Amino acid sequence: MPLSRRWFLAAAAASAASSVASRPAAAALPADVDVAIVGAGAAGIAAARKIAAAGRRFVILEAGERIGGRCFTDTGSFGVPFDRGARWLHMPDTNPVARLAPSAGLDIYPAPPGQKLRIGRRNAREGEMEEFLAARVRAQRAIVEAGRGKADIACAQALPKDLGDWRATIEFVLGPHDCGKDLRDISAFDFAKSAERDINAFCRQGFGTLLAKLCGTMPVERSTVVTRIDTSTRGRADIVTARGRLTARAVIVTASTGVLTSGKIRFNPEPKRQLDAAAKLSLGSYDRIALRLPGNPLRFFDDDLVFEKAAGAKTAALLGNVAGTDLCVVDVAGRFGRDLAAQGEAAMVAFATEWLTSLYGSDAARNIKGGLATRWHEEPFCLGAFSCASPGNQGARRALMEAFRDRVFFAGEAAHETLWGTVGGAWESGERAADAALKLFGSARPKAPAPAARRKKPVRENPSPPSER
Ligand SMILES: Cc1cc2nc3c(=O)[nH]c(=O)nc-3n(C[C@H](O)[C@H](O)[C@H](O)COP(=O)(O)OP(=O)(O)OC[C@H]3O[C@@H](n4cnc5c(N)ncnc54)[C@H](O)[C@@H]3O)c2cc1C
């Protein structure tokens, strides 16, 4: 491997540093708000924008030191934008985040259509590509058909038997690559309900940069881990954080299903239905291994998406020359990706280097000038990539969306029936939760947005909810 251990440690340190935005001096938390939002990812930001527009007092409580959650652009490690999480803006014409991009002044451009396929060290011939695409369409149709049946099954059970030597590639593309899980772990109902994602765009400055712009100057309390949400007192929620307590009339919780089931946030009383639902929507595994290949030695076009004709589960997807830079990203996912990530960043970079060598020859390894890898399962306030219902459990998405005691609203990518696992889905779920929370205040808008009360202020506003469950 051409990477020295020293280089590797330096890159890892730079990556960590870049994810630490300078933190404002810790002022006291507001004592009392209309709406508290847990999490400054896509769902939290979308909810906050709606609540701000309605003139209500709110605060975003974010455990980490940066905003964006699983949609974050690292600009420090390579000097060019590297999206550690979300990168693809699916269906840009209808994607709520893509539609806001022009107002953020960022450059959105269409992703090249289709993909390339390597067979050993050569590109697939036209006929081979046609065979692959036809087999892929057949497999996808079979799963969607099963997803319309009476009883839910695993996607793997629905696959046609005669996929021949395309089976492993198709299993990777439809399972780990598209959903973060192996097909045997995915509900056919969930798969069938997910909306099409085959037209895409990219943000040249990074998807995370776009999200951060949309957050703007909204009040985000960083490094504020919410540890307890208590709704035992009528008409209010008492929120305990590592930096103090506050009271809210409504709470929007956008933590991932991994965090919800980890017990990091304690609830009193417990929203049993929603926590059971979160367990059925566990997070899959998806990680990016970013490599610098200066001078484009492998002759990629910009944003080339490449799969290989795989012989088994140990495979990956490549995005070459990301946004015209010398960054190439190898994505690993599903059970194989998770096991690889558990071995650490060095093992991941080594795998990507060997994989590229197997597809492009030893020149590939010689030309790699640095690399790093994400490990989303190790991020303490994400604990994985994105949700996917296990077989039999698609209905959990609706259960997660149910309001708890009229004042706790769960949002986030898992709380969307068709756009789960995407930034657009998280965004729409945040807006939905904000609409539900705003209903508690009636339609009248306050004359002027009041600043959130700080701790010293004795004012508290805790009107009773319309009904108690
Ligand atoms: C590698 C990878 C690639 C992806 N690729 C794409 C893609 O190309 N396109 C796409 O659309 N989507 C993609 N996704 C999915 C997308 O990133 C997510 O669906 C979306 O960002 C989730 O947003 P969210 O608001 O639901 O959750 P999050 O982004 O997880 O936000 C939740 C926030 O809550 C905070 N939090 C958690 N617990 C607490 C607590 N106790 N107290 C306070 N704060 C807390 C977290 O720190 C986090 O910031 C990808 C995800 C990954 C990991």
Side-chain angles (χ1 to χ4, degrees), residues 19 36-48 59-72 83-92 95-98 111 177-180 195 197 200-203 207-208 210-211 215 220-229 239-243 251-260 262-266 283-290 317 319 329 331-333 337 341 373-377 379-388 400 410-416 419-430 433:
S19 62
I37 300 166
V38 182
I45 294 168
V59 65
I60 310 178
L61 306 165
E62 168 53 53
E65 294 188 344
R66 58 170 179 78
I67 59 162
R70 286 169 275 170
C71 182
F72 167 64
D83 279 312
R84 297 180 70 93
R87 164 140 190 83
W88 299 74
L89 285 89
H90 304 303
M91 311 308 274
N95 187 311
V97 186
H177 182 263
D178 287 359
C179 304
R197 300 168 187 183
N200 292 286
F202 295 124
C203 176
F207 203 167
L210 170 57
L211 207 57
C215 184
V220 183
E221 297 286 347
R222 299 173 197 230
S223 306
T224 305
V225 179
V226 172
T227 54
R228 186 177 164 88
I229 298 174
I239 299 155
V240 181
T241 82
R243 286 183 45 215
V251 194
I252 296 175
V253 182
T254 74
S256 73
T257 54
V259 172
L260 287 177
S262 72
K264 288 189 179 198
I265 306 176
R266 298 274 170 205
L283 301 178
S285 182
Y286 201 107
D287 281 299
R288 302 203 190 281
I289 307 163
L319 197 65
V329 179
D331 291 347
V332 289
T374 65
R375 295 168 75 218
W376 283 98
H377 273 282
E379 299 277 337
F381 292 98
C382 294
L383 297 175
F386 38 86
S387 70
C388 190
L400 183 63
F410 291 89
E413 54 86 15
H416 201 295
L419 299 177
W420 51 265
T422 71
V423 173
W427 188 273
E428 285 188 2
S429 83

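Note that ligands are numbered from 1 as they come in the structure, with each ligand's atoms numbered from 1 the same way. Note that these values count all heavy atoms, side chains included, but never hydrogens, waters or copies made by symmetry. In this text, all values refer to a predicted model and were calculated from it rather than measured experimentally.
- Within the model, atoms OG1 of Thr422 and NE2 of His416 stand 7.0 Å from one another, a figure rounded to the nearest 0.5 Å.
- Rounded to the nearest 0.5 Å, atoms CZ (Phe410) and OG1 (Thr257) are 12.0 Å apart.
- Applying the side-chain hydrogen bond (donor to acceptor under 3.5 Å, both in side chains) test to Asp83 and every residue at least two apart in sequence or in another chain returns Thr73, Arg87.
- For Arg228, the salt bridge (Lys or Arg N to Asp or Glu O under 4.0 Å) test picks out Asp230, with sequence neighbours left out.
- Listed by chain and number, residues touching ligand 1 at under 4.0 Å (heavy atoms only) are Val38, Gly39, Ala40, Gly41, Ala42, Ala43, Leu61, Glu62, Ala63, Gly68, Gly69, Arg70, Cys71, Arg84, Gly85, Ala86, Arg87, Trp88, His90, Thr224, Val225, Val226, Thr254, Ala255, Val259, Ile265, Tyr286, Arg288, Trp376, Phe381, Ala385, Phe386, Gly412, Glu413, Gly421, Thr422, Val423, Ala426.
- Take Thr374 and apply the side-chain hydrogen bond (donor to acceptor under 3.5 Å, both in side chains) test, not counting sequence neighbours, and it matches Asp287.
- Residue Arg243 holds its CZ atom at 7.5 Å from OG of Ser223, rounded to the nearest 0.5 Å.
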